[in-house]
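Since this is a predicted model, take the numbers as computed values, not measurements. Naming convention: chains lettered A, B, ... in sequence-line order (proteins, then strands); numbering from 1 in each chain. Heavy-atom basis, side chains included; hydrogens, waters and symmetry copies ignored.
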Amino acid sequence: MEEQFKEHSTLQELRQNRIRKMNRFRERGDNPYKYIFHRSATVAEVRKQFEKREQENAEQAQEGIPATLAGRITARREQGKSTFMDLRDESERIQLFFGEKQVGEDKYETLKDFDLGDFIGVEGSVRRTKRGEITLFVKEFQILTKSLRSLPEKFHGLTDVETRYRQRYLDLVANPEVMDTFRKRTQIIDEIRSYLKERGFLEVETPMLHPIPGGATARPFITHHNAYDTDLYLRIAPELYLKRLIVGGFERVFEINRCFRNEGVDTKHNPEFTIMELYEAYQDYLGLMEETEDLFYTVMTKIIGDEKFIYQEQEILLTRPWKRILLHEAIRQFAGIDLEVTRDRDEAKRLAEKVGVEIRPEMGYGKIVDEVMSTKVKPYLVQPTFLYDYPIEISPLAKKKRDNPALTERYQLFIGGLEVCNAFSELNDPLDQRERFMEQVKLREAGDDEAQYLDEDFLTALEVGMPPTAGLGVGIDRLVMLCTNSLSIRDVILFPLLRKL
RNA sequence: GGACGGGUAGCUCAGGUGGAAGAGCAUCGGACUUUUAAUCCGGUGGCCGCGGGUUCGAGUCCCGCCCCGUCUACCA
């Protein structure tokens, strides 16, 4: 205790002051941590109610309407025998007025023991002040929760990003607009969910703990199950389980939940992130592309309230139809090289390097195509654009293109330079799938620890038979970034991963 | 992993060439019954990220480390 005191004497002093005040409530027989409080409405409701009354009859409204509110004190303007405070609940902010005469001298004296950040319950009547601000004129008030920490500064808010991420609760208290971002996030997910449910998709939950990580090329987190004494992996994708459900006879399924990838962290990647995957039987990638466009269009225009919006200074127009470009054609257009004429790794490397794309020795033909696309094409795909027909080498779970075995029936959607979805006609030929897995196994044995694992049970499932199916994966976090104009994925994840302190 | 930028009071930030640690807000005391970034007067508050070094003297210069951000690399 003594040492702590020395370590942060300012903080400790502020804290001691508040503890002293908290104890004074106790001395008066008042619990500074109440169990329950019955409010008559939220601040927003009361404001609306008052404004309505005012429209009907302004004079009558000034007689005041009764209200009991609860919230946090966010500002305080003291003026001798009267005091103004700002009260904030989740819905809104409202001004409180306390007059010595109105609440009584002794009670008024106890106002000294309230600080910014405390939760307070107030009862009184709502009307406008002379300056025209809707205000609750307080008759009764009580402490609901005493806060022992001082809040970030009222004017500048909390700007230190590290504190904002590590102590998101402070960020939310100090920067109310942050709340809007996360409300929007939930709305987006709700919209997707209801869109899919309306169209007959069944929402399911598949395992997060996988004995074999599959469905994507990524390094997994490893954990251990004690009772079975076995290693398990946090899922990198739900894909292989959702397809098993299609094998089982479900025809339209989707899942919205977390995936985990043990990889780098940057503005577009968090080790745990939210994915929506859907699978639709008897559909192919072109049909699904149509549906993808409709899904994104419907959800985004609903959330944004318009067909156009700004992302990072760029105006994005959602008006349909969206552009569709063959992947190889996009590379020809944007990178100025043709990677379709060859499938030779060294030739592709030569071409890529000619236009300034760095190629590492372990990269094969497919990776080279992917790399050129990422650096030379993706940044320019600001308006919604589908790229389609990807090389087979980087699409081990996608069906071969019907007239070209070098390609797969796969597409990705890009908006604002962000990759927001990945989809394909699902490979349902069990023998082909086995060969593709064997390719991955070879890569793994050659030292590529992101190559996919062979999942024997998944192959068994395909042998049981999966109908023609198209599948779609959507990066929810990136979609939220677009809709909230966020530069970093950390701004749309409530508690992003930071290094342990 | 690399490059660059940052870490100073609870919060937001200043602190040329090395020479007694500052402001605003918050907090504490005082004045004030219509304020709203209230105002006015007075006060408290600092391991200047951590550890070394150079120097008579380091927030400032040098070395190492930690954390954060951006870019890059890695990665659907």
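Using a cutoff of 4.0 Å between basic side-chain nitrogens and carboxylate oxygens, K21(A) and D113(A) are not scored as salt-bridged.
Atom-to-atom, CD1 of I19(A) to P of rU27(B) comes out at 17 Å; the value is rounded to the nearest Å. For the pair D115(A) CG and rG10(B) P, the computed distance is 17 Å after rounding to whole Å. Summarising the geometry, the separation between CZ on R164(A) and P on rC11(B) is reported as 15 Å, rounded to the nearest angstrom. Across the protein-nucleic acid pair, N175(A) atom CG and rC11(B) atom P stand 14 Å apart, rounded to whole Å. Rounded to an integer number of Å, the gap from L487(A) CG to rU70(B) C1' is 9 Å. Computed from coordinates, the L14(A) CG to rU27(B) C1' distance equals 5 Å when rounded to whole Å. A straight line from CZ of R76(A) to C1' of rU36(B) spans 14 Å, rounded to a whole angstrom. Distance E358(A) CD to rG2(B) P: 16 Å, rounded to the nearest Å.
The nucleotide whose nearest atom lies closest to any side-chain atom of D266(A) is, among rA73(B), rC67(B), rU36(B), rA73(B). Taking only side-chain atoms of R499(A), from C-beta outward, the nucleotide of rC68(B), rU12(B), rU70(B) with the closest atom is rC68(B). Candidate nucleotides rA37(B), rU12(B), rC28(B) were compared by shortest atom distance to the side chain of N17(A), and rC28(B) ranks first. The side chain of E133(A) lies closest to rU36(B) when the candidates are rU70(B), rU44(B), rU36(B).
Within residues 95-108 of chain A, the residues that place at least one heavy atom under 4.0 Å from RNA chain B are, in residue-number order, Q95(A), F97(A), K101(A).
Here the separation of rG59(B) from rG42(B), taken at their P atoms, is 30 Å to the nearest Å. Between the P atoms of rC11(B) and rG52(B), the separation comes to 25 Å (whole Å). Atom C1' of rA21(B) sits at a distance of 16 Å from the matching atom of rU44(B), rounded to the whole Å. Look at the C1' atom in both rA3(B) and rG43(B): the space between them is 47 Å, to the nearest Å. Taking atom P on both nucleotides, rG5(B) is separated from rC47(B) by 27 Å, rounded to a whole Å. Taking the C1' atoms as reference points, rG6(B) lies 16 Å from rG15(B), given to the whole Å. Comparing rA38(B) with rC25(B), their P atoms are spaced 10 Å from each other, to the whole Å. Taking the P atom of each, rG2(B) and rC48(B) are spaced 28 Å apart, rounded to whole Å.
Aromatic ring centres of F424(A) and Y390(A) lie farther apart than the 6.0 Å criterion allows. Here Y241(A) and Y279(A) keep their ring centres 6.0 angstrom or further from each other.
Both P152(A) and R20(A) lie near RNA chain B, and the one whose nearest nucleotide falls closer to the 5' end is P152(A). Sequence order on RNA chain B of the closest nucleotides to F84(A) and L498(A) puts F84(A) first from the 5' end.
K21(A) comes within 4.0 angstrom of sugar-phosphate atoms only, judged by non-hydrogen atoms across all strands, and of no base. Residue A216(A) is classed as having no contact, given no heavy-atom separation below 4.0 Å to the nucleic acid. Within 4.0 Å of G157(A), counting heavy atoms only, lie sugar-phosphate atoms of the nucleic acid but no base atom.
Listed for the D89(A) side chain is a donor-acceptor partner under 3.5 Å among the backbone atoms of E92(A). A donor-acceptor pair is defined here as one N or O able to donate and one able to accept, closer than 3.5 Å; no such pair exists between the side chain of N257(A) and the backbone of T274(A). In terms of modelled atom types and a separation under 3.5 Å, the side chain of R88(A) and the main chain of V173(A) share a donor-acceptor contact. In terms of modelled atom types and a separation under 3.5 Å, the side chain of E426(A) and the main chain of G471(A) share a donor-acceptor contact. No side-chain donor-acceptor contact under 3.5 Å links Y453(A) to the backbone of R444(A). With hydrogens and angles ignored, the 3.5 Å screen pairs a side-chain donor or acceptor of R18(A) with a backbone N or O of S147(A).
The shortest distance between the side-chain N/O atoms of R15(A) and the OP1/OP2 oxygens of rG10(B) is not below 4.0 Å. The side chain of K154(A) contributes an N or O atom lying less than 4.0 Å from OP1 or OP2 of rA26(B). Note on R77(A): every side-chain N or O is 4.0 Å or more away from OP1 and OP2 of rU34(B). Distances shown here put a side-chain N or O of T267(A) below 4.0 Å from the OP1 or OP2 atom of rC71(B). For the OP1/OP2 pair of rU12(B) and a distance below 4.0 Å, the side-chain nitrogens and oxygens of T159(A) include at least one atom meeting the criterion. When the side-chain nitrogen and oxygen atoms of R149(A) are compared with OP1 and OP2 of rG10(B), none of them lie within a distance under 4.0 Å.
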Pairs of donor and acceptor atoms involving the side chains of residues 370-381 of chain A, under 3.5 Å and at least two apart or interchain, shall be tabulated with distances.
| from | atom 1 | to | atom 2 | distance (Å) |
| --- | --- | --- | --- | --- |
| S374(A) | OG | D370(A) | O | 3.0 |
| T375(A) | OG1 | E371(A) | O | 3.0 |
| K376(A) | NZ | V355(A) | O | 3.1 |

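Partner assigned to rA9(B) is none, using Watson-Crick or G-U wobble distances below 3.5 angstrom. The partner of rU70(B) is rA3(B), judged by Watson-Crick or G-U wobble contacts that both fall below 3.5 Å. rG57(B): no Watson-Crick or G-U partner with both key distances under 3.5 Å is found in any strand.
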